[in-house]
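So that the names make sense, note that chain A is the first sequence line, chain B the second, and so on, each numbered from 1.
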2 protein chains.
Amino acid sequence: MSANLIIDSITRHVQLSADEQAHFLSLLKSKTYRRKQFILQDGQVCKYSTFVTAGCLRGFTVDQNGFEHVLNFAPVGWWIADMYSLLTQKPGILNIESLEDTEVLLLSKHDQEKLYHEIPKFERFFRIITENSLVSFQQRLIDNLSLTAEERYHNFCRRYPTLIYTLPKKQIASYIGVTPEFYSRMQHKMLLKDKK
Amino acid sequence: MSANLIIDSITRHVQLSADEQAHFLSLLKSKTYRRKQFILQDGQVCKYSTFVTAGCLRGFTVDQNGFEHVLNFAPVGWWIADMYSLLTQKPGILNIESLEDTEVLLLSKHDQEKLYHEIPKFERFFRIITENSLVSFQQRLIDNLSLTAEERYHNFCRRYPTLIYTLPKKQIASYIGVTPEFYSRMQHKMLLKDKK
DNA sequence: GTAAGTTCTTGACCTACATTAAGTTTTGAC
DNA sequence: GTCAAAACTTAATGTAGGTCAAGAACTTAC
């Protein structure tokens with residue numbers, strides 16, 4: 001059940017007493033979304049950190065030509081938010097949308113800040129996952145600067161072995177930074193290679 | 001003087017007593033580097049968070065073809081480290097090098113962790129700057145996916161107005177993700193445009 | 001079950017940027 | 001002040017990946 005999932009994911013990094021766990025859980029609101037619903041739209045202020053307990057979300061931006069670019073996926077067990085907007089409480093540029101029917105737990109910015117003061121271990125937990133997130137975005141930036149589309153595809157497969165089967169191909173294409181057309185060609189080419 | 005600089009940069013985010021300031025300063029080692037010296041080489045384990053008090057550092061990776069890619073610059077008042085290596089204490093992939101004669105203050109990983117336990121405000125401070133860093137890397141990734149080289153150049157000018165004048169052009173080219181040759185033509189083209 | 005939307009594929013053509021090469025200017029060490 | 005190395009520029013040519021268009025294969029809604 002979803003309370004276990006989120007507590008487990010936290011206690012992998014910091015230890016919590018039963019009281020602390022209960023207090024934390026009491027702050028969460030649960031919510032469900034149908035496939036293709038928007039959790040957040042650009043221009044809105046992001047008010048929650050969102051933890052996915054079932055389904056999958058995607059964060060993406062829309063550029064001046066109307067093209068979408070996937071910043072991140074949030075499958076079960078992951079947190080997602082428009083960090084810029086959440087931190088500054090100004091209108092953001094990120095859209096967050098469900099790729100399947102999805103269940104989430106919401107932690108408001110206000111409660112999150114309060115939690116940091118009441119129980120510093122939660123500040124530690126969020127520091128740690130922010131650090132890990134930073135490392136993976138740095139790596140992804142370097143990959144985009146130094147690898148070919150095909151190499152980025154292989155990295156994606158290694159890092160998200162389950163998502164490869166469940167996500168629509170155009171979403172993966174957008175994540176690694178190519179058009180669906182080129183992605184399709186690339187897969188065809190790789191298939192030929194593998195046969196040899 | 002450099003102690004003021006680092007204390008100011010922290011107290012912009014959290015308040016510190018005179019004792020706390022003194023304790024923090026007692027943990028720092030200061031060090032100077034000549035232009036083009038290596039502070040860290042790929043394959044080494046990163047043991048320090050580095051704060052720049054004079055000069056400028058650059059963090060970069062070298063790809064399989066021997067090309068360098070600038071991950072970040074650290075001018076005066078900025079922190080730099082190989083975050084992946086610092087967190088995991090495994091060999092990293094980042095090189096950190098001085099672009100000019102540079103003075104830094106070093107905080108060892110061990111002392112930083114201890115500080116988090118002794119004075120939680122320091123954990124808050126590093127959480128906040130890590131969050132800000134995450135936001136700016138996310139933005140840079142989106143820029144790389146959705147903007148042309150010329151637009152990325154303009155972003156760079158807006159975000160680092162001082163660095164544009166002090167950094168070698170090839171370093172800026174590498175940061176925005178183009179070759180020095182293309183960067184040179186781009187500038188030429190933009191000059192022609194401006195004259196009209 | 002069928003119509004309408006998505007998603008995926010394939011082909012012809014295009015472009016932003018890379019590569020190679022050669023020359024020029026700037027910097028730095030003695 | 002001079003020589004060597006590094007940084008920068010310019011030009012010719014190459015290519016990874018984009019664009020446009022049209023059809024095929026799935027999904028979804030009623």
Discussion item. Using heavy-atom distances to pick each residue's nearest nucleotide on DNA chain D, tell me which of B/S184 and A/M186 is more 5'.
Written reply: B/S184
Response to the item:
Rounded to whole Å, CD of A/E150 lies from P of D/dG17 at a distance of 9 Å
Worksheet item: Is the phosphate of D/dA16, meaning OP1 or OP2, less than 4.0 Å from a side-chain N or O of A/T148?
Response: no
Worksheet item: Considering only side-chain heavy atoms of A/E181, which listed nucleotide, D/dA21, C/dC8, D/dT28, is closest?
Response: D/dA21
Discussion item. Angle between ring planes, A/Y175 versus A/F73, binned at 30° and 60°: parallel, tilted or perpendicular?
Written reply: parallel
Worksheet entry | Protein-nucleotide distance (B/N65, atom CG; C/dC17, atom P), rounded to Å | 19 Å
Worksheet item: Between A/Y160 and A/W78, what is the ring plane arrangement, given parallel below 30°, perpendicular above 60°, and tilted in between?
Response: tilted
Worksheet item: Do B/R152 and B/N155 have side-chain atoms, one donor and one acceptor, less than 3.5 Å apart?
Response: no
Worksheet item: If you look at every heavy atom in B/G55 and B/T102, which pair is closest and at what distance?
Response: CA-OG1, 3.7 Å
Practice prompt. Report the nucleotide, chosen from C/dC17, D/dT19, D/dG17, that has the shortest atom-to-atom distance to any side-chain atom of A/F67.
Written response: D/dT19
Practice prompt. Consider the side chain of A/H188, meaning its heavy atoms from C-beta on, and name the nucleotide among D/dG18, C/dT10, C/dT20 that approaches it most closely.
Written response: C/dT10
Item to complete: Check whether any side-chain N or O of B/R35 sits under 4.0 Å from OP1 or OP2 of C/dT27, and answer yes or no.
Response: no
Item to complete: Report yes if at least one side-chain N or O of B/K36 is closer than 4.0 Å to OP1 or OP2 of D/dA7; otherwise report no.
Response: yes
Item to complete: Starting from P on D/dT28, measure out to CD on A/E100 and report it in whole angstrom.
Response: 11 Å
Worksheet, complete the sentence: B/E151 atom CD is separated from C/dA16 atom P, nearest whole Å, by 11 Å
Fill in: Spacing of B/L147 atom CG relative to C/dA16 atom P, expressed in whole Å
14 Å
Discussion item. What is the separation between atom CG on A/L191 and atom C1' on C/dC8, rounded to the nearest whole Å?
Written reply: 14 Å
Discussion item. In this structure, how many angstroms lie between the P atom of C/dC17 and the CG atom of A/N144, rounded?
Written reply: 14 Å
Discussion item. Heavy atoms only, 4.0 Å cut-off, all strands: where does B/R152 land among base, sugar-phosphate and nothing?
Written reply: sugar-phosphate
Worksheet entry | DNA chain C: 5'-proximal contact among A/R185 and B/Y183 (nearest heavy atom) | A/R185
Discussion item. Using whole Å, what does the distance between atom P of nucleotide D/dG17 and atom CG of B/L145 come to?
Written reply: 13 Å
Practice prompt. Check whether any side-chain nitrogen or oxygen of B/K169 sits under 4.0 Å from OP1 or OP2 of D/dT9, and answer yes or no.
Written response: yes
Worksheet entry | Exercise: do A/T148 and A/E151 side chains pair donor with acceptor under 3.5 Å | yes
Worksheet item: Closest to the A/F182 side chain: D/dA6, D/dG18, D/dT9?
Response: D/dG18
Practice prompt. Tell me which nucleotide among D/dC8, C/dG28, D/dT10 gets nearest to the side chain of B/K170.
Written response: D/dC8
